[in-house]
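Step one of this worksheet: look at the structure below.
The basis for the numbers below is simple: all heavy atoms, side chains too, and nothing from hydrogens, waters or symmetry mates. Here is the naming used below: chain letters follow the sequence lines, and residue numbers restart at 1 for every chain.
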Protein chains: 2
Amino acid sequence: MVNRTVHIDQNQLAEMEQRYRAHLVNSLSGFKSANLIGTISESGQTNLAIVSSVFHLGADPALVGFISRPNSVARDTLSNIIATGSYTINQVNSDIWQQAHQTSARYEPQQCEFAEVGLTPEYYQEVQAPFVAQSRLKYGVKLESYQRIELNQTLLVIGSITDILLDDVALKNDGSIDIEQLNSVCVSGLDCYHRTERLGRLSYAKPGKPITLID
Amino acid sequence: MVNRTVHIDQNQLAEMEQRYRAHLVNSLSGFKSANLIGTISESGQTNLAIVSSVFHLGADPALVGFISRPNSVARDTLSNIIATGSYTINQVNSDIWQQAHQTSARYEPQQCEFAEVGLTPEYYQEVQAPFVAQSRLKYGVKLESYQRIELNQTLLVIGSITDILLDDVALKNDGSIDIEQLNSVCVSGLDCYHRTERLGRLSYAKPGKPITLID
């Protein structure tokens, strides 16, 4: 069977029904990370939100970014982060992916997503925001900056990584973490979750030198 | 066997050997997208670079972002984008993941990564930058803005999506794209590639209502 290539141009994109376009465009960037962001308000109300826009920003200093939409269900998350300067990022694994997805429901501010979906808040040392006990790779983050992206009024939120907590089985000799061994999942589009199967690690690429599989 | 939790604090992070820290911190955000960015210089020299930092920024207008490091091997990519305003983003699939990785070698500006790694440039209508023929989901992008992130001097590059080209088998009735069916891969850490296995699509979450698997 020969596949046919579909072409969708900018006019067709603009005229699409809103939900159809959201599904389509959310699929274009490829697989996305699945993380739960834990926060707490100044009055002690905890909040938990699944976010698929967390991305690596730099290793030295260790910085992580995510995109927050205006008026999204993560609005409590954002106001807690701005008020306290503290949040946690917790990788979603295949034991908790459905509970993680349920945090995207539009709960009232006084409802606690941890309790509503059945995940356990956990506190560690000086980190003010709650971690997710069921996550096997998580870290405390200190807010460093947030800036509006004028093109669509989303916010880019950047934090520095303070305290990393992870299952030791996944930490390798070279510092890499085998997140597949932790059953971390990824997301495509708006609502599709995937586990992974490793193809391999590849050697550092150099011109004129064939790459090789490592470990 | 009971797993032990490792705690790594900010001082330990700061004191790590540079490559060890790069492996570690690059693993924290979770799975990353794997994309090839195609560009062309004003004099007609094509360039191709693998990027794991492409992320969805918004559906209406359809915007996509990526992070460019200063002095990275993608410096030709960035200067071409700024000069022409045009680039393509091409999802990496399991047929071309090793060739895609090889584009990260530090080739000279006059070397063409397409030829060096054995991928085929392909042009479509008005889009100035080359696509990757072997990619099954790709789109032309028009540069909208770039801004420096002062915390670590990386650049956030944002573009609007113009022409989408994809295999019709993967386009579903609701607009979502089954990128797993296209054998798109994802990345963890600096150098590990993964194929995926679908856990399921989940219904739109609402408070007090159990989520269900869809399609």
Quick check for you: among [options], which has the greatest number of heavy-atom pairs under 4.5 Å with chain A?
{"options": "B:Arg69, B:Gln102, B:Met16", "answer": "B:Gln102"}
{"options": "B:Val185, B:Asn173, B:Val187", "answer": "B:Val185"}
{"options": "B:Asn35, B:Val64, B:Asp167", "answer": "B:Asp167"}
{"options": "B:Leu151, B:Ile89, B:Val54, B:Ile158", "answer": "B:Leu151"}
{"options": "B:Ile164, B:Leu24, B:Val117", "answer": "B:Ile164"}
{"options": "B:Asp60, B:Ile67, B:Ile161, B:Leu13", "answer": "B:Asp60"}

So for [X], is it side chain, backbone, both, or neither that comes closer than 4.5 Å to the heavy atoms of chain B?
{"X": "A:Phe66", "answer": "neither"}
{"X": "A:Thr154", "answer": "side chain"}
{"X": "A:Leu166", "answer": "both"}
{"X": "A:Leu190", "answer": "neither"}
{"X": "A:Lys172", "answer": "backbone"}
{"X": "A:Gln18", "answer": "neither"}
{"X": "A:Glu150", "answer": "neither"}

### Task
Please work out which of the three classes, parallel, tilted or perpendicular, describes the rings of A:Phe55 and B:Phe55, given edges at 30° and 60°.
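Rings of B:Phe55 and A:Phe55: parallel, under 30°.
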
### Message
Parallel, tilted or perpendicular: which one describes the rings of B:Tyr193 and B:His101, with boundaries at 30° and 60°?
### Response
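B:Tyr193 and B:His101: perpendicular rings.
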
Which bit of [X] comes within less than 4.5 Å of chain A, counting heavy atoms only: side chain, backbone, both or neither?
{"X": "B:Leu57", "answer": "both"}
{"X": "B:Gln12", "answer": "neither"}
{"X": "B:Leu28", "answer": "both"}
{"X": "B:Ser52", "answer": "neither"}

### Task
Say whether A:Thr103 and A:Glu113, considering side chains only, have a donor N or O and an acceptor N or O under 3.5 Å apart.
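Note: A:Thr103 and A:Glu113 side chains miss the donor-acceptor criterion.
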
### Task
Step by step, work out the side-chain contact (heavy atoms from CB on, under 4.5 Å) result for B:Val25 and A:Tyr139.
CA-CA 11 Å; B:Val25 181; A:Tyr139 39 100; over 6 Å; no

### Query
When heavy-atom pairs shorter than 4.5 Å are enumerated against chain B, which of A:Ala59, A:Ser29, A:Ser33 gives the highest number?
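Most pairs with chain B among the choices: A:Ser29.
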
### Query
Hey, which of A:Gln98, A:Gln91, A:His56, A:Lys209 has the most heavy atom pairs under 4.5 Å with chain B?
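Sorted descending by pairs with chain B, the first entry is A:His56.
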
### Task
Go through B:Val132 and B:Gln99 one step at a time and tell me if the side-chain contact (heavy atoms from CB on, under 4.5 Å) criterion holds.
CA-CA 12 Å; B:Val132 177; B:Gln99 290 148 294; over 6 Å; no

### Task
Could you pull out the closest heavy-atom pair between A:Gly189 and A:Lys32, with the gap in Å?
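Heavy atoms of A:Gly189 and A:Lys32 come nearest at O-NZ, 3.0 Å.
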
### Contact summary for B:Leu137 and A:Ser27, nearest pair of heavy atoms
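Heavy atoms only, the tightest pair is CD2-O, 4.1 Å.
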
### Task
Test A:Lys138 against A:Leu36 for side-chain contact (heavy atoms from CB on, under 4.5 Å), laying out the working first.
CA-CA 9 Å; A:Lys138 49 203 168 191; A:Leu36 286 161; over 6 Å; no

### Message
Using 0.5 Å steps for rounding, measure from the CG atom of B:Leu202 to the CD1 atom of B:Ile211.
### Response
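Separation between the atoms: 4.5 Å.
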
### Task
Quick one: do B:Ile149 and A:Leu63 satisfy side-chain contact (heavy atoms from CB on, under 4.5 Å)? Show the steps, please.
CA-CA 11 Å; B:Ile149 292 173; A:Leu63 296 172; 5.8 Å; no

### Message
Going by side-chain hydrogen bond (donor to acceptor under 3.5 Å, both in side chains), B:His194 matches just one of A:Glu197, A:Arg198, A:Glu180. Which one?
### Response
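Only one of A:Glu197, A:Arg198, A:Glu180 forms a side-chain hydrogen bond (donor to acceptor under 3.5 Å, both in side chains) with B:His194, namely A:Glu180.
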
